[in-house]
Asker: 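Below is the structure I would like to discuss, written out as structure tokens.
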Amino acid sequence: MTHPLENEALEVARDARRRAYAPYSKFRVGAAVILKSGRIVAGCNVENASYGGTVCAERTALWTAVATHGERDVDAIIVVAESDEPVAPCALCLQVMAEFCGPSTPVVLADMTAVQERTTFGALLPRPFGPGSFTPP
Ligand code: THU
């Protein structure tokens, strides 16, 4: 079942992709997080001359959800890139997603015109190290 806000979120992610700062890789990525509240938060990759300082679209969206809106309850994540194969979140982003997503959280991979794949966080990262993995002292 597709999320009722999927189309709206796809447009938010595509719009964010246009704002990507990717002078080094030239690979623009947009993301949108649909929160349980119904709010849709945009993200894009923001690269850095040090390369290692680069942050992916998915993480900028998740951090904006927390930092700007104080919301952490994620309903779905959209990733938009331009590639023949769907672009899945990198391992670092999956680790950040493990903090706020569950196994059945939908992850929608799309390009600028169509959805390429609908998957879930659990399919992309079946055994996450997450907030339930240890008891803080
Ligand atoms: N990138 C993302 O923003 N999200 C992904 O899912 C894959 C990779 C960015 C990081 C970097 O700016 C560029 O794409 C090339 O790796």
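One-based numbering, in listed order, for ligands and for the atoms of each. Heads up: numbering here begins at 1 and tracks the sequence.
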Asker: Side chain, backbone, both or neither: which part of Cys56 has a heavy atom under 4.0 Å from ligand 1?
Answerer: both
Asker: Go through Cys101 and Ile77 one step at a time and tell me if the side-chain contact (heavy atoms from CB on, under 4.5 Å) criterion holds.
Answerer: CA-CA 9 Å; Cys101 299; Ile77 297 194; 3.9 Å; yes
Asker: Who's the nearest protein heavy-atom neighbour of atom 9 (C) of ligand 1, and how far?
Answerer: Asn45 ND2, 3.5 Å
Asker: Around atom 7 (C) of ligand 1, find the nearest protein heavy atom and jot down its residue, atom name and distance.
Answerer: Val87 CG1, 4.0 Å
Asker: State the atoms of ligand 1, each with its element, that fall below the 4.0 Å cut-off from a heavy-atom position in Pro89.
Answerer: 6 (O)
Asker: How far is atom 3 (O) of ligand 1 from the closest protein heavy atom, and which atom is that?
Answerer: Ala57 N, 2.9 Å
Asker: Below 4.0 angstrom, N of the basic side chain to O of the carboxylate: do Glu6 and Arg118 qualify?
Answerer: yes
Asker: May I ask you to test the Asn48-Tyr24 pair for a side-chain heavy-atom distance under 4.5 Å?
Answerer: no
Asker: Hey, does Asn45 have a side-chain heavy atom less than 4.5 Å from the side chain of Val55?
Answerer: no
Asker: Considering distance alone, does some N or O of Thr54 sit under 3.5 Å from an N or O of ligand 1?
Answerer: no
Asker: Quick check: do Pro106 and Phe121 have side-chain heavy atoms less than 4.5 Å from each other?
Answerer: no
Asker: Please work out whether any backbone atom (N, CA, C, O) or any side-chain heavy atom from C-beta onward of Ala88 is under 4.0 Å from ligand 1, and answer side chain, backbone, both or neither.
Answerer: backbone
Asker: Glu47 heavy atoms, cut-off 4.0 Å: which ligand 1 atoms fall inside?
Answerer: 11 (C), 12 (O), 13 (C)
Asker: Could you tell me whether the side chain of Val115 reaches within less than 4.5 Å of the side chain of Pro86, counting heavy atoms only?
Answerer: no
Asker: Going by heavy atoms in the side chains, are Val12 and Arg14 under 4.5 Å from each other?
Answerer: no
Asker: So, for atom 16 (O) of ligand 1, does the protein have a heavy atom nearer than 4.0 Å?
Answerer: no
Asker: Atom 4 (N) of ligand 1: which protein heavy atom is closest, and how many Å away?
Answerer: Glu58 OE1, 2.9 Å
Asker: Answer yes or no for Cys93: is there a heavy-atom contact with ligand 1 below 4.0 Å?
Answerer: no
Asker: Can you tell if the side chain of Leu35 reaches within under 4.5 Å of the side chain of Asp73, non-hydrogen atoms only?
Answerer: no
Asker: By number and element, which atoms of ligand 1 are closer than 4.0 Å to a non-hydrogen atom of Ser25?
Answerer: 13 (C), 15 (C)
